[in-house]
Amino acid sequence: MSASRSSRPAVRRVVSLVPSLTEAVAVTEPGLLVGATDWCEHPAELDVARVGGTKNPDTARIVGLAPDLVIANEEENRAPDLAVLRAAGIEVLVTEVRTLPQAFTELERVLLRGCGLPRPAWLDEAREAWREVRADGPPLRAVVPVWRRPWMVLGRDTFAGDVLARLGVANIHAAHAERYPRIPLDELNACGAELVVLPDEPYRFTRDDGPESFPGLPSALVSGRHLTWYGPSLAQAPRVLAAALRAAGR
């Protein structure tokens with residue numbers, strides 16, 4: 001964003017196209033959000049206009065909401081949709097989050113500089129929670145599926161991969177050329193992993209849907225919100241994820 005907070009009107013109406021950032025704004029300043037995607041499920045009481053999905057937002061509806069700012073993400077949202085909004089004269093803030101430190105930096109940019117809000121207490125609590133994280137023992141090599149039919153896994157340069165690394169879990173496909181490669185199940189089972197980490201989003205892996213595909217491997221069923229979201233959930237993420245990993249025998 002090129003304009004400084006002092007040289008532009010106050011931000012009073014925000015549309016968020018990123019579920020985790022929707023929660024971050026809503027928790028910090030209730031009433032600031034006027035629109036969010038159909039996938040923005042937190043906080044549970046959020047009552048705003050729905051503008052479609054992250055990949056297929058209703059740009060005409062967003063323009064009609066007359067937001068001062070639209071919050072987006074370079075991975076979750078499509079550049080052509082954001083270009084339509086900019087062409088309509090709407091300011092769009094696009095985030096990039098591929099590591100935990102970058103998540104904190106981008107949250108500050110969105111909340112403090114983008115929305116002009118005071119620094120929320122939960123952001124400092126989240127920083128402190130992660131500052132105390134120390135992995136026990138050597139890293140455990142893991143395969144981390146995010147979809148099936150076809151099977152897709154975490155590859156290089158992902159936020160979730162960085163989060164897991166801080167908890168002592170090494171993504172076995174972290175050096176893959178793609179960020180979310182499609183890899184056949186037989187290859188996943190032959191890659192030398194010691195653990196399979198199964199989040200409940202974007203694909204909803206459960207105890208009865210996922211572990212059976214990896215016979216002989218311990219399965220950690222983890223909260224996708226705590227693994228992949230960057231917002232208030234970051235404060236609880238170390239505890240929640242560590243408990244799931246311990247339950248799998250980590």
Output the distance between atom [atom1] ([X]) and atom [atom2] ([Y]), rounded to the nearest 0.5 Å.
{"X": "Gln102", "Y": "Glu96", "atom1": "CD", "atom2": "CD", "result": "4.5 Å"}
{"X": "Glu108", "Y": "Leu117", "atom1": "CD", "atom2": "CG", "result": "13.0 Å"}
{"X": "Asn171", "Y": "Asp162", "atom1": "CG", "atom2": "CG", "result": "11.0 Å"}
{"X": "Trp147", "Y": "Arg204", "atom1": "CH2", "atom2": "CZ", "result": "12.5 Å"}
{"X": "Asn56", "Y": "Thr54", "atom1": "CG", "atom2": "OG1", "result": "7.5 Å"}
{"X": "Leu217", "Y": "Cys191", "atom1": "CG", "atom2": "SG", "result": "8.0 Å"}

Would you check if the side chain of [X] reaches a backbone N or O of [Y] as a donor-acceptor pair within less than 3.5 Å?
{"X": "Trp151", "Y": "Pro145", "answer": "no"}
{"X": "Lys55", "Y": "Arg78", "answer": "no"}
{"X": "Glu194", "Y": "Arg141", "answer": "yes"}
{"X": "Asp68", "Y": "Arg13", "answer": "yes"}
{"X": "Arg50", "Y": "Gly35", "answer": "no"}
{"X": "Thr158", "Y": "Leu154", "answer": "no"}
{"X": "Asp200", "Y": "Gly224", "answer": "yes"}
{"X": "Arg179", "Y": "Asp157", "answer": "yes"}

Check: [Y] and [X] side chains under 4.5 Å, non-hydrogen atoms:
{"X": "Ile62", "Y": "Pro57", "result": "yes"}
{"X": "Val34", "Y": "Val15", "result": "yes"}
{"X": "Val153", "Y": "Val144", "result": "no"}
{"X": "Leu93", "Y": "Leu69", "result": "yes"}
{"X": "Thr22", "Y": "Leu46", "result": "yes"}
{"X": "Tyr203", "Y": "Met152", "result": "no"}
{"X": "Val94", "Y": "Ile71", "result": "no"}
{"X": "Tyr230", "Y": "Glu106", "result": "no"}

For [X] versus [Y], what's the shortest heavy-atom pair and its separation?
{"X": "Arg166", "Y": "Pro101", "value": "NH2-CD, 3.2 Å"}
{"X": "Ala88", "Y": "Val63", "value": "CB-CG2, 3.8 Å"}
{"X": "Glu212", "Y": "Gly210", "value": "OE1-N, 2.8 Å"}
{"X": "Ala220", "Y": "Ala244", "value": "CB-O, 4.0 Å"}
{"X": "Pro199", "Y": "Leu227", "value": "CB-CD2, 4.1 Å"}
{"X": "Ser233", "Y": "Arg225", "value": "OG-O, 3.6 Å"}

Ion pair Asp124/Arg119, N-O distance below 4.0 Å: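 Yes, charged N to carboxylate O under 4.0 Å.
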Lys/Arg-Asp/Glu bridge criterion (N-O < 4.0 Å) met for Glu75, Arg98: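 The answer is no: the pair does not qualify as a salt bridge.
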Should [X] and [Y] be regarded as members of a common hydrophobic cluster, given that ILVMFWY residues are connected when their side-chain heavy atoms come within less than 4.5 Å of each other, either directly or indirectly?
{"X": "Trp229", "Y": "Val97", "result": "no"}
{"X": "Leu195", "Y": "Phe205", "result": "yes"}
{"X": "Val27", "Y": "Val240", "result": "no"}
{"X": "Val133", "Y": "Leu107", "result": "yes"}
{"X": "Leu167", "Y": "Val196", "result": "yes"}

No-hydrogen, no-angle side-chain donor-acceptor test under 3.5 Å, Thr95 and Asn73: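 There is such a pair (donor and acceptor under 3.5 Å, judged by atom type) between the side chains of Thr95 and Asn73.
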Any donor-acceptor N or O pair under 3.5 Å, side chains Ser213, Arg148: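 Side-chain D/A pair, Ser213 to Arg148: present.
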Worked check of side chain to side chain contact (heavy atoms under 4.5 Å, CB included) between Thr228 and Glu201: CA-CA 9 Å; Thr228 65; Glu201 62 175 78; 3.9 Å; yes
Pairs touching residues 26-48 that satisfy side-chain hydrogen bond (donor to acceptor under 3.5 Å, both in side chains), sequence neighbours left out: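 Those involving residues 26-48 are Thr28-Trp122.
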Side chain to side chain contact (heavy atoms under 4.5 Å, CB included) assessment of Leu198 paired with Asp209: CA-CA 10 Å; Leu198 299 167; Asp209 185 358; over 6 Å; no
Side chain to side chain contact (heavy atoms under 4.5 Å, CB included) evaluation trace for Thr59 with Leu85: CA-CA 7 Å; Thr59 54; Leu85 299 176; 4.1 Å; yes
Check against side chain to side chain contact (heavy atoms under 4.5 Å, CB included), Phe159 and Thr99: CA-CA 5 Å; Phe159 172 72; Thr99 66; 5.8 Å; no
Option among Cys40, Ser16, Pro232 that satisfies the side chain to side chain contact (heavy atoms under 4.5 Å, CB included) test with Glu23: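 Testing Glu23 for a side chain to side chain contact (heavy atoms under 4.5 Å, CB included) against Cys40, Ser16, Pro232 leaves exactly one candidate, Pro232.
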